[in-house]
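All values below come from the heavy atoms of this structure, side chains included, with hydrogens, waters and symmetry mates left out. To find a chain, count down the sequence lines: A is the first, B the second, and so on, and within it residues start at 1.
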Amino acid sequence: MATVAHTAGEPRSYSGIWSWITTVDHKQIGTLYLFTALIFFFIAGTEILIVRSQLARPDHGLISADLYNQLMTMHGISMIFLGVMPLSVAFFNWIVPLQIGARDVAFPRLNALSYWVFLFGGILLNLGWFTGGAADAGWFAYANLTSTTYSPGDGVTFFALGLLVLGVSSLAGALNFTVTIINMRAPGMSLMRLPLFTWMAFVTGILLVFAMPVITIGLVEIFFDRYLGANFFNVAAGGDVILWQHVFWVFGHPEVYILILPAMGIVSEILPTFSRKPLYGYSFVVFSGIVIGFMGWTVWSHHMFSTGMGAVADSAFTVTTMLIAVPTGVKIFNWIATLWGGSIDFKTPMYFALGFIALFIIGGLSGVSHASPPSDLQQQDTYYIVAHFHYVLFGGAIFGIFAGIYYWYPKLLGRHLKEGLGKAHFWFMFIGMNLAFGPMHWVGMDGMPRRVYTYPTEMGWDFWNLVATVGAFTMAISFLFFIYNVIVTARSKEKALGDPWDARTIEWSIPSPVPHYNFAEIPTIKARDDWWVTKYGPEEHPTNESAVSDPGNEDEGDHHDIHMPDPSYFPLVSALGLALMMGGLVFPPFLQMFGLDIPIISVVGGVILLIGTYGWAFEPVNG
Amino acid sequence: MSRRLLLIVGLSLLMTAISCTPSHPQSTFDVTGPIASGQRDLFSLMFWLAAVVFVLVEGIFIYVIFRYRRKGNEMPAQHHGNTRMEIAWTIAPALLLVVVMVPTIQKIFENASPPDNSYEIAVIGHQWWWEFEYLDCGPVDCAGLVTANELHIPAGQPVNFTLVSEDVIHAFWVPKIGGKRDALPVPKNSDGKLDLVHQRANQLWLQGDVPGEYYGQCAELCGVSHANMRLRVHVDEPDTFAQWVSNQKSPNSLPSSTNPGYEKLTTLCAACHAITGTTLTGVIGPDLSHYGNRGTLASAMFDNTPENLKEWLRDPGGMKPGNIMAGSVKPGTLSEEEIEALADYLLGLR
């Protein structure tokens, strides 16, 4: 690349805005993912604060019914596709190559493409806000509410196009990490020595590879119905609205595990580190993760008990759904057994990891009560369900993700987030979360449906809705502590050590922040928890004298012999082309030709995509 | 210790007080009839089992994190696991789940088909109101009776509902009588009526045992006024029900006065609304036969008072977002004199 002067084969130090635009380095891409996803996460959080303000009082007129539906829909979509998923991907990027002893992912430029497509897809998804209204049919967008008859604005079109674009990002990322984990492990890193986080990233990758095509088909159907007048979901023309629900949930339920498995992986790393004990029942935790991933495909219709599938189907999905609680339980028991007899150090990451366990148990137990259709028919589409999935997705996934942020921040960014602010963040988030979602169990069982923009006072839901709103704002405050923490940390001069937590896996055996080339020398893996064994030996009763010194925070200097992938801006060009091509389908100008409306912006986008992929394919390799 | 106990008892009492003082018209606990109580009992079983598991697991968890907190710089033994423990905590939850699974599947099949003596009522969801068409009430001659938003059923009598939708997916839900079921859109037959025997036409049977007025509402997001798509179910004594049916089937009459409001009734209103015995036969909006007997207005959004009704006739769009009546009745469409006359007439339909 002409833009970065260097001698052949020399790993360069990268800085400045141009380095971020052209980066193919998994750590930088991970950082981009993290901060972009956090911004989307805060936008989605703000959306729900407005919704909670509306629901704080009965018959409240703060926002219109129409705006409520948009905010509620975009909150759900954004949290899932622009918040939790990319936050997990941020950790795949940051951690997976480090944990398997690799210098980068298998396809570094594809990795950059995933990020840029994610960024543009996220923007595309939100464009409805600026063109007369965002998507308003709920995050699972049940047909035929998504048809042009019932959702005439462009919001649902942007929903379909945005998710189609994001699907490219997820699929490319999933393939990339699956291949990376299979092919790029350091010598000796057998599958059963893989750190748990990498294992769960592996399972998640496989789930994504199979799940994304399913939702893609559904979204194409929605789009064809809206854009080309197809009749997939047009009942009058023989279409079927239940088709969408099956397609959506065949994707949607594995998606739930796509959201939670990475967080489970993170927690499975943090608990052993801060208990100074290996993960209890490693192989059982691994296999329960695999079993969850597999069984996640067999339970989708438990989202559809109210659609009238019949007694046999209802019973079958009851059995599979209840069974999936077993491997989930196995994980929880093993986590508690890991703590048992340990030496628990209460650092901020550990707070969040322990919060994860405490809250996930609640979400898991409430889940059983809607695995039973007769009971579920009173809970389906009520706030009880909202409570349940926020205990697993907020109490679970988000707590796990923040545990991971506090845990790996020093490793990747070279500085510690402040402990005091971190703990304040935890307590506000923990208390706020229980205030917000705890009472929803009650109002749901008291008959409050979800997705209602208002409720009359005679229903008796006033008090607990007010409490829930107070809880939501308490959580909002907790994130102010986090943002402040990030700012303070960025200004601080204190550098992190290489192994500040006395951890167990090999990413802690190298300096913090991680040098560009990760490992000066590719390690040879001798054991599970290899870094711990290096420090303390394989004994069951080790002394607490470490055999090696801390890897420190100094880059060891030039390693001219290390070949690293070259930076490239073609992923960005290609991603931009793809997004323009898709988004242009909605925007004028259109050119009348051959009796067709040719969308000019899409054509331009297609040309850019072509240039991007051409340049990519023929990009000269330096070194 | 006793102080803490007192605090806990006090707090729980406070919470119970807060939860119990206002009325709870859509509670799934305070229910009537075999369907809702069966569903509640199953939930209770799971709740108490879950409560035991919760106390046990969270208890152990909290014990462990306090008991094993790091005091100095101690180095614990590096235990890697125990296969027997793994087998134990795989099997124990599985057994517990079987305890839930068996009654669940029993209940699924029990609730699947309605008793032979069930009455038959079709429920048709519209954006955003409910249409009820009585098909068969055994000894009571109800066939052909159409009403909207307020359903009457006799106490102690199983009723089988056929659920369909005119437009998008709705879900019919009266929590105190039973769990919800979706009303899915179905195509129309050649006679222009929705196909009630289509494969997507759902069945749900319910039974209310204690007479009274029960609240319900749509449970599936169905567009802008989803929150306003409510309904009431009147569980009547069998005699009262029979009287209601015969009254409902008796013709209404148009007033003979020459007030200009009545002209609007037979022109503007007749396009969408029907009133039995009159020239109003529209099928787009709710049937208004014997409207004066209804307790609510605009699919159970408001009490059916003269003030609310007049306000509705003045500006329906302002009272219920998105409703299609607002397309033809805007503020100013009807004069105050016409509104007065129409409200008088409608409330007089008894």
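The part of A:Gln245 that comes within reach of chain B is its side chain, from C-beta onward, which places non-hydrogen atoms under 4.5 angstrom from that chain. There is no contact between A:Ala237 and chain B, counting heavy-atom distances below 4.5 Å. In this structure, chain A has a heavy atom under 4.5 Å from the side chain of B:Arg230, while its backbone stays farther away. With a 4.5 angstrom heavy-atom cutoff, A:Phe287 does not touch chain B via any of its atoms. Residue A:Phe346 touches chain B through its side chain alone, counting heavy-atom pairs closer than 4.5 Å. Neither the backbone nor the side chain of A:Ser151 comes within contact range of chain B, judged by heavy atoms closer than 4.5 Å. The part of B:Met85 that comes within reach of chain A is its side chain, from C-beta onward, which places non-hydrogen atoms under 4.5 angstrom from that chain. Both the backbone and the side chain of A:Gln379 come within less than 4.5 Å of a heavy atom of chain B. Looking at A:Thr338, neither its backbone nor its side chain comes within 4.5 Å of chain B, counting heavy atoms on both sides. Heavy atoms of B:Ala171 lying under 4.5 Å from chain A are absent altogether. Within the 4.5 angstrom heavy-atom criterion, no atom of B:Glu110 approaches chain A. With a 4.5 angstrom heavy-atom cutoff, A:Val312 touches chain B via backbone and side-chain atoms both. Within the 4.5 angstrom heavy-atom criterion, atoms from both the backbone and the side chain of B:Asp167 approach chain A. Both the backbone and the side chain of A:Tyr453 have a heavy atom closer than 4.5 Å to some heavy atom of chain B. For A:Asn234, no part lies near chain B; criterion is any non-hydrogen pair under 4.5 Å. Contacts between A:Tyr68 and chain B at a heavy-atom distance below 4.5 Å are absent for every atom of the residue. Contacts between A:Trp532 and chain B at a heavy-atom distance below 4.5 Å involve the side chain alone, from C-beta outward. Residue A:Met350 does not touch chain B at all, counting heavy-atom pairs closer than 4.5 Å. Proximity to chain A involves both the backbone and the side chain of B:Asn73, based on heavy atoms less than 4.5 angstrom apart. In this structure, no portion of A:Phe233 lies under 4.5 Å from any heavy atom of chain B.
Considering all non-hydrogen atoms of both residues, B:Gln78 and A:Pro278 come closest at OE1-CD, 3.1 Å. For the pair B:Ile108 and A:Ser315, the tightest heavy-atom approach, listed with the atom from each and the gap, is CD1-OG, 3.7 Å. Summarising the geometry of B:Gln217 relative to A:Gly447, their closest heavy-atom pair is OE1-O, 4.4 Å, with the distance given to 0.1 Å. Nearest heavy atoms, A:Val235 versus B:Val186: CG1-C, 3.4 Å. Contact record, A:Ile361 with B:Val57: CD1-CG1, 3.5 Å, taken as the closest heavy-atom pair. Considering all non-hydrogen atoms of both residues, B:Met46 and A:Val368 come closest at SD-O, 3.7 Å.
Within the 4.5 Å cutoff, the side chain of A:Leu377 has heavy atoms near those of the B:Arg181 side chain. Under the 4.5 Å side-chain criterion, counting only non-hydrogen atoms from C-beta, A:Tyr142 is in contact with B:Glu220. Counting only heavy atoms from C-beta outward, the side chains of A:Asp381 and B:Trp173 never approach each other to under 4.5 Å. Between A:Glu540 and B:His79, some side-chain heavy-atom pair lies under the 4.5 Å cut-off. For the pair A:Met448/B:Gln26, no side-chain contact is recorded, criterion being any heavy-atom separation below 4.5 Å from C-beta on. Here the side chains of A:Ser369 and B:Phe47 are not in contact, with every heavy-atom distance at 4.5 Å or above. Looking at heavy atoms from C-beta onward, B:Leu221 lies in side-chain contact with A:Asn69 at the 4.5 angstrom threshold. Considering only heavy atoms from C-beta on, A:Phe333 comes within 4.5 Å of B:Pro93 through its side chain.
A distance of 11.0 Å separates CG of A:Asn144 from SG of B:Cys222, quoted to the nearest 0.5 Å. Atom OG in A:Ser283 sits 11.5 Å away from atom NE2 in B:His80 (nearest 0.5 Å). Taken from CG in A:Leu339 to CD1 in B:Ile60, the straight-line distance is 12.0 Å, to the nearest 0.5 Å. Separation of atoms CD1 (B:Ile62) and CD1 (A:Ile357) is listed at 11.5 Å; rounding is to 0.5 Å. Annotation: the span from A:Leu323 atom CG to B:Leu97 atom CG amounts to 7.0 Å, rounded to 0.5 Å.
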> Checking side chain to side chain contact (heavy atoms under 4.5 Å, CB included) for the pair A:Leu145/B:Ile169: CA distance, chi angles, key distance, verdict?
Replying inline: CA-CA 8 Å; A:Leu145 193 58; B:Ile169 303 176; over 6 Å; no

> Does the pair A:Val330 and B:Glu86 meet the rule for a side chain to side chain contact (heavy atoms under 4.5 Å, CB included), with working shown?
Replying inline: CA-CA 7 Å; A:Val330 167; B:Glu86 301 289 346; 4.0 Å; yes

>> Walk me through whether A:Tyr280 and B:Asn82 qualify under side-chain hydrogen bond (donor to acceptor under 3.5 Å, both in side chains).
In response: CA-CA 8 Å; A:Tyr280 198 87; B:Asn82 178 317; 4.7 Å; no

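The candidate with the highest count of non-hydrogen atom pairs below 4.5 Å against chain A, out of B:Asn228, B:Leu163, B:Asp41, is B:Asn228. In terms of heavy-atom pairs under 4.5 Å with chain A, the best-connected choice from B:Met101, B:His198, B:Lys107, B:His226 is B:Met101. The residue among B:Ala77, B:Ala112, B:Ala94, B:Gly38 with the most heavy atom pairs within less than 4.5 Å of chain A is B:Ala77. When each of B:Ile35, B:Ile65, B:Asn111, B:Val53 is scored by its heavy-atom pairs under 4.5 Å with chain A, the top score falls to B:Ile65. Of all the listed residues (B:Trp89, B:Phe29, B:Tyr63), the one sharing the greatest number of non-hydrogen pairs under 4.5 Å with chain A is B:Trp89. Heavy-atom pairs under 4.5 Å with chain A peak, among B:Thr104, B:Thr83, B:Leu45, at B:Thr104.
Checked by atom type and distance alone, the side chain of B:Arg200 never pairs as donor or acceptor with a backbone atom of A:Ile242 at under 3.5 Å. B:Thr28 places a side-chain N or O within 3.5 Å of a backbone atom of A:Met445 that can act as its donor or acceptor partner. For the pair B:Lys180 (side chain) and A:Gln380 (backbone), a donor-acceptor distance under 3.5 Å is present. Put simply, the side chain of B:Arg70 gets close to the backbone of A:Ser343: a donor and an acceptor are under 3.5 Å apart.
Side-chain contact check for A:Glu458 and B:Tyr215: at least one donor-acceptor pair (N or O, by modelled atom type) lies under 3.5 Å. Defined by atom type and a distance below 3.5 Å, a donor-acceptor pair is missing between the side-chain atoms of B:Asp182 and A:Thr307.
Ring geometry, A:Trp340 versus B:Tyr68: the interplanar angle falls from 30° to 60°, so the pair is classed tilted.
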